[in-house]
Each structure stands twice: as C-alpha cells, then as structure tokens.
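Single-structure report; data block below.
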Amino acid sequence: MTGERIDGKAIAADLRAKIAIEAKTLIQEHSLIPGIAVVIVGEDPASKVYVASKGKSAKECNFHSIEHSLPEETSEADVLALIESLNNDDSIHGILVQLPLPRHIDESKVLNLIRPEKDVDGFHPINVGLLAAGERDKALVPCTPAGCLILAQRVLGDLRGKRALVIGRSNIVGKPMAALLLSAHCTVTIAHRHTQDLPSLVKDADIVVAAVGIPQMVQGDWIKKGACVIDVGINRIDAPERGEGKTRLVGDVDYDAAAERAAFITPVPGGVGPMTIALLMANTLTAARRSAGLDDLDFAALLADV
Ligand code: NAD
C-alpha cells in the first residue's frame, strides 16, 4: 500500500478562499470587517517571516489587518498597555502575539491579558478550560491542532470510535489535539517523553498525530496498515545530497517508510504547516461573527462544499 498524500497546502488555500468569501458576505450584510492585530517584539528573522505571511493571508481573506512591530527593548508595561488598547478596539476581533517574546517580558502575563474572545491563538486559560470541558463551541481553539483535525476528518470522515494516538503533550499542540480528538469521539492516548514502548502504541492506532520535534523518530514499520498519519513536526536536517552545507525540512515521521503502510499521510513541508495560518484566519472570522451575535461556521463542512 502507498498512502495517499494529504495535500495540506491545497486544502489550506481552499479554506482561505472560502473564508475570503464569508468575510465579504459579513462586510456586505452586516457592515462588519473582521480585524486582526499581530504584535511582534524584537527582530527574530523567523518570527518576522511568520508575521509577514499572517498579514498577507489576512489581506487575502478581506480582513482589516494591522501589525505592531516593537523594538526588542520595549518594556513589559508597554506591551501590556498595547494589548489593553487592542482589547478595547472594536475594529480588532483577533489579537495574536508572536512568540517567543524577549526574556524580560513575562509571556503568560501578556497572553493572559488578551480578552479570551479575541484570543485567536486559543492559548488563554479560559479557552483552554472551555476546550477541556467539552465546550468547543464557546472556545477559540489553537490553530495547529484544529488544522490537524480538519485534515483527519477530510480523509476519514466521521472519527467516532477511532483509536487516536497523540505523540507529544505540549500546550500548543499535543494537549489541545487530544481534547479535539476526544470531542470528535475518538479513543485517545497521549504519549510523551516518559512513555514506554511507543512502537506498540503506534501499532494500535488508527490515527497518529506526531508533535515531538525529533526528526523522523516515528518509524514506518510501527504504523498500523491503513492508518491516518498527521505529522506536525518541522525539523531541519543536513542534506549533503543537495550539496555542501544544504539542509532540508522533515517531520517527526519517516515519511517514505510510513507511506508504505498508511492509508493517508501528511508530508513535511506542505501538510500541517499551511493549515495553521488558515485556521488563524478561521478563528478571526469566528471571533468577528461572535462579536455580532452570529453563529459559528463549520469550516470542515465549508471545505466539503465545492
Ligand atoms: P514541544 O517541545 O513543546 O513538545 C514536544 C513533546 O514531545 C513533549 O510533550 C515531549 O514530552 C514529547 N516528546 C519528546 N521526546 C519524546 C519521545 N522520545 N517520545 C514521545 N514523546 C516525546 O513541541 P511542540 O511545540 O508541541 O512542537 C512539536 C513539533 O511540532 C516541533 O517540531 C514544532 O516545530 C512543530 N510545530 C509545527 C507547527 C505547524 O504549524 N506545523 C506548529 C507548532 C509546532
């Protein structure tokens, strides 16, 4: 068996196009322009690239988008004051603070000040609690795991009763991923660095979500035949075959070997990564709609609607 490659790049582009149409409708019918503010402190080049692509996506989605780019030496008090002013700005429905922040700024203090209904990253304790309590419809959910769930649902349909293994228990990926799979009625196992006999857990799983950060650690022959493999990992490794000093990106799964056994598998790059930004746009649209008392859209259903 050679597994079907899940084209996250194409699915994310489709989702962004659907969001752009929905945003236009919101503007025409409710005079409401979804607004997102991205805050970045310091000069980290990778963060700058992420922020630029978030701004570009927001514009493509017909959103109002602003970027606050603050110098590295900005005080914590000034960052908190900016968050407070964005909390009170009615044209802004989503606030995203690019991480990591410089060491002299307390990250949790900043993230916890964002009003939960504008917390489009889904990291605020209120949103974490709502998701954990099974009240997903009231929460804003972290973008990467929400994107993974859409990919799994797109290829498998109803996930009810499936055995799902999440490898990794971080607050931004592993834990919310497990909560989302549980909300989709999977039987969920979470593995982490102290888990024993990981291969036997993988061998049992209908769905494997790998979010570890160790290049190609999940071996192909661990994968159950016909499983769905979602690889969140983004790891840069040396690629001497491409020339001296060259590198390439790989996931946490040994793709070629796993594709021999899986029915569906995401590549790295081009799998989960593009979905993360698309889901950030989806969360911003949701936050804008909720601010006007409108119902949430079902983004998985929107995607299915061609
Ligand atoms: P993290 O470092 O916060 O968490 C890693 C987790 O892996 C931990 O819970 C740890 O217990 C677990 N772990 C470590 N060694 C293990 C082992 N041998 N067996 C089982 N579990 C083990 O990482 P994170 O922020 O969750 O990110 C994970 C990966 O996903 C990274 O490669 C990161 O770059 C990538 N990532 C991608 C996106 C995206 O948009 N595609 C978004 C976020 C993170």
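One-based numbering, in listed order, for ligands and for the atoms of each. The chain is numbered in sequence order, starting from 1. All values below come from the heavy atoms of this structure, side chains included, with hydrogens, waters and symmetry mates left out. Since the structure is predicted, the reported quantities are computational estimates derived from the model, not experimental observations.
Counting non-hydrogen atoms of other residues, nucleotides and ligands closer than 6.0 Å to NZ of Lys9 gives a total of 12 or fewer. Atom CG of Asp90 is surrounded by 12 or fewer heavy atoms from other residues, nucleotides or ligands within 6.0 Å. Residue Arg236 qualifies as enclosed at atom CZ: its count of foreign heavy atoms under 6.0 Å is above 12. For Ile33, the CD1 atom counts as loosely surrounded, since its 6.0 Å shell holds 12 or fewer non-hydrogen atoms of other residues, nucleotides or ligands.
Nearest protein heavy-atom contact of atom 34 (O) of ligand 1 is Ile234 O, 3.7 Å. The single protein non-hydrogen atom nearest to atom 25 (O) of ligand 1 is Ile172 CD1, 3.6 Å, given as residue, atom name and distance. Of all protein heavy atoms, the one lying nearest to atom 44 (C) of ligand 1 is Val173 CG2, 3.9 Å. In this structure, atom 40 (O) of ligand 1 lies nearest to the protein heavy atom Thr276 OG1, 2.8 Å. The protein heavy-atom contact nearest to atom 9 (O) of ligand 1 is Arg169 N, 2.8 Å. Counting protein heavy atoms only, atom 42 (C) of ligand 1 is closest to Thr144 OG1, 3.3 Å. The nearest heavy-atom contact from the protein to atom 29 (C) of ligand 1 is Gly213 N, 3.7 Å. Counting protein heavy atoms only, atom 22 (C) of ligand 1 is closest to Arg193 N, 3.5 Å.
Listed by number with element, the atoms of ligand 1 under 4.0 angstrom from any heavy atom of Asn235 are 32 (O). In the vicinity of Ile214, heavy-atom distances shorter than 4.0 Å reach the ligand 1 atoms 15 (N). Proximity to Val272 (heavy-atom distance under 4.0 Å) selects the following atoms of ligand 1: 41 (N). Counting the atoms of ligand 1 from 1 in the order shown, those under 4.0 Å from a heavy atom of Val232 are 30 (O), 35 (C), 36 (N), 37 (C), 38 (C), 41 (N). Those atoms of ligand 1 that come under 4.0 Å of a heavy atom in Gly168, given as number and element, are 6 (C), 7 (O), 9 (O), 12 (C).
Ion pair Arg16/Glu60 flagged as a salt bridge, since at least one NZ, NE, NH1 or NH2 atom sits closer than 4.0 Å to an Asp/Glu carboxylate oxygen. Checked for salt-bridge contact, Lys224 and Asp206 meet the test: a charged N lies under 4.0 Å from a carboxylate O. Between Arg290 and Asp296, at least one side-chain N (NZ, or NE/NH1/NH2) sits under 4.0 Å from a carboxylate O, which counts as a salt bridge. A salt bridge does not link Glu67 to Lys54: none of the charged side-chain nitrogens sits closer than 4.0 Å to a carboxylate oxygen.
Contacts of Ile167 with ligand 1, taken as heavy-atom pairs under 4.0 Å, involve the side chain alone. With a heavy-atom cut-off of 4.0 Å, Val212 touches ligand 1 through backbone and side chain alike.
In this structure, Gly273 is part of the shell of residues with a heavy atom less than 4.0 angstrom from ligand 1.
Side-chain contact, Lys48 with Ser69: a donor N or O sits under 3.5 Å from an acceptor N or O.
Annotation: side chain to side chain contact (heavy atoms under 4.5 Å, CB included) contacts of Ala178 (sequence neighbours excluded): Val166, Val188, Ile190.
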